[in-house]
Amino acid sequence: MSTVSDLDTWRLFFKIVSRGSIAKVSEEIGVEASSISRRINKLEKDLGVELFQRKGKQLVLTSAGSVAYSRMRRIVFDAASLFKDLQVARDNDRDLITIACPIGLSEIIMPIAISKYLEFNPDVSVSMRSLSYVELMTSDAITSYDVMLSITPLNIPTRDSKLIAGISFMLAATPQYLNGLKYPIRSPRDLSEHPIFSFFSRNRERNMVLRKGSDYFPLHFHAHMRLNDPGGIKQVVMRSKGIGAYCPVYYYLDELANGTVCEVLPEWKFPVQQIYISRKDRDRVAVNRFVHWLIEYFEHCPGLVPPSYEGLWVGDFVDGAPV
């Protein structure tokens, strides 16, 4: 019956009973009183009974209105509960994947990757948390997330880790800064004469080493600024304040392409940083599908190298010296 299914009109009916007048309901919900009156009149016409009678300025229920009030209350309440339960069921049908990711990857690469994945997987939702390398190794992090990206493998029974990519790094500066130098930077030794802005996290500076062919140069300079956020380093580099050290290449792809950033000493290279992926539940189809897709995405992602890379990795060095 249409009069029973028109739940919005019945909700207006209950509000009028509670407030005692259409004018008060109109003021409360911001709907014109004439519109409310028309809907109640139509409801009464469809039912073939009067629901209200006027006593002074108040509307009170007729005997038929009292019957409608007692019987329809439960129906409207059950309908509201049904709609809420359906909403919960719909949300539960969406597979939620929780991800923990290092600062840096979470700022540039992962948001783009996740958005691409969701374009073709609309029934999945993702919640990602940016963590430092130290936080990623805590027991709370290891037990809390479906998927984790880390710089070391998580060799524990509840996780399986796989090397999926490596991060390329560089020394970065703007042409304006380099063109203003009295003496050009010809070797890593010349870096000590310049403001250096260094990325720093758990033991990261221990591996500050440059290589050119078979030559290695440990960078033991004292950085003017150390941050654990590569985006912060980029801010000062782009303002021509000095040289950024250990800058992830993927942060500067657009700037390298348009010439607003230059690679300093491009013939000298940093070791590549390993990135591992691990999953908590090997049996979740949604997680497995996402992990397999992300592994393939990382293999072809600009600024990263594939796991088959045969150059030097950060793990090949101890205290700035090759193993």
- Task: Go through the steps for Asp95 and Ser125 under the test side chain to side chain contact (heavy atoms under 4.5 Å, CB included), then give the verdict.
- Result: CA-CA 6 Å; Asp95 283 303; Ser125 60; over 6 Å; no
Exercise: identify the closest heavy-atom pair between [X] and [Y]:
X: Met148; Y: Ile142; answer: SD-CA, 3.7 Å
X: Ala172; Y: Val237; answer: O-CG1, 3.9 Å
X: Asn228; Y: Pro230; answer: O-CD, 3.9 Å
X: Phe217; Y: Pro188; answer: CD2-CB, 3.3 Å
X: Tyr246; Y: Phe169; answer: O-CD2, 3.3 Å
X: Phe120; Y: Pro122; answer: C-CD, 3.5 Å

With a 4.5 Å cut-off on side-chain heavy atoms, are [Y] and [X] touching?
X: Pro175; Y: Thr260; result: no
X: Gln274; Y: Ile151; result: no
X: Met170; Y: Val261; result: yes
X: Cys247; Y: Leu171; result: no
X: Val124; Y: Arg289; result: no
X: Val287; Y: Val147; result: yes
X: Pro195; Y: Tyr177; result: yes
X: Ile185; Y: His194; result: yes

Would [X] and [Y] show up in the same hydrophobic cluster when neighbours are defined by side-chain heavy atoms closer than 4.5 Å?
X: Leu12; Y: Val67; value: no
X: Ile164; Y: Val126; value: yes
X: Val264; Y: Met238; value: yes
X: Ile103; Y: Tyr145; value: no
X: Val60; Y: Leu47; value: no

Answer yes or no: is there a donor N or O on one side and an acceptor on the other, between the side chain of [X] and the main chain of [Y], under 3.5 Å?
X: Ser161; Y: Leu154; result: yes
X: His224; Y: Phe197; result: no
X: Ser26; Y: Ile22; result: no
X: Lys280; Y: Thr143; result: yes
X: Ser18; Y: Phe14; result: no
X: Ser35; Y: Val31; result: no
X: Ser240; Y: Gln176; result: no

- Begin from the C-alpha positions of Tyr183 and Asp190 and carry the test side chain to side chain contact (heavy atoms under 4.5 Å, CB included) through to its verdict. CA-CA 9 Å; Tyr183 301 104; Asp190 298 329; over 6 Å; no
- Residues, nucleotides or ligands: over 12 heavy atoms within 6.0 Å of Arg129 CZ: no
Using distance alone, with no hydrogens and no angle criterion, decide if [X] and [Y] have a side-chain donor and acceptor under 3.5 Å apart.
X: Gln58; Y: Arg54; answer: no
X: Glu107; Y: Tyr251; answer: yes
X: Ser198; Y: Arg226; answer: no
X: Ser127; Y: Thr98; answer: no

Within this structure, what is the [atom1]-[atom2] distance for the pair [X] and [Y], rounded to the nearest 0.5 Å?
X: Leu136; Y: Leu131; atom1: CG; atom2: CG; result: 5.0 Å
X: Lys15; Y: Ser21; atom1: NZ; atom2: OG; result: 12.5 Å
X: Lys269; Y: Glu263; atom1: NZ; atom2: CD; result: 4.0 Å
X: Ile275; Y: Ser150; atom1: CD1; atom2: OG; result: 7.5 Å
X: Leu265; Y: Arg186; atom1: CG; atom2: CZ; result: 11.0 Å
X: Leu105; Y: Met128; atom1: CG; atom2: CE; result: 9.0 Å

- Item | Audit row: Ile114, Ile99, side chain to side chain contact (heavy atoms under 4.5 Å, CB included) steps and yes/no | CA-CA 10 Å; Ile114 292 170; Ile99 302 173; 4.0 Å; yes
- Task: With side chain to side chain contact (heavy atoms under 4.5 Å, CB included) as the test, would you mind laying out the steps for Leu61 and Val17 before giving the verdict?
- Result: CA-CA 7 Å; Leu61 290 171; Val17 174; 3.7 Å; yes
- Task: Cation-pi check, Lys162 to Tyr276: give yes when NZ or CZ is under 6.0 Å from the six-membered ring centre and within 45° of the ring axis, no otherwise.
- Result: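 Here Lys162 fails the 6.0 Å and 45° test against Tyr276.
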Do any side-chain atoms of residues 290-313 form donor-acceptor pairs under 3.5 angstrom with protein atoms, and if so which ones, sequence neighbours left out?
from   : atom 1 : to     : atom 2 : distance (Å)
His292 : ND1    : Asn288 : O      : 3.2
Tyr309 : OH     : Arg211 : NH2    : 3.2
Trp313 : NE1    : Tyr309 : O      : 3.4

- Message: One thing to verify: whether Arg284 and Asp146 come together as a salt bridge, which I'm taking to mean a side-chain N less than 4.0 angstrom from a carboxylate O.
- Response: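 Salt bridge present between Asp146 and Arg284.
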- Do Lys212 and Asp215 meet the salt-bridge criterion of a basic N to acidic O distance under 4.0 Å?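 Judged by the 4.0 Å cut-off on N to carboxylate O distance, Asp215 and Lys212 do not form a salt bridge.
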- Message: Using 30° and 60° as the class boundaries, would you call the ring planes of Phe52 and Phe13 parallel, tilted or perpendicular?
- Response: tilted
- Message: My understanding is that only one of Leu191, Leu210, Leu219 makes a side chain to side chain contact (heavy atoms under 4.5 Å, CB included) with Trp268; could you say which?
- Response: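 Among the candidates, only Leu210 passes.
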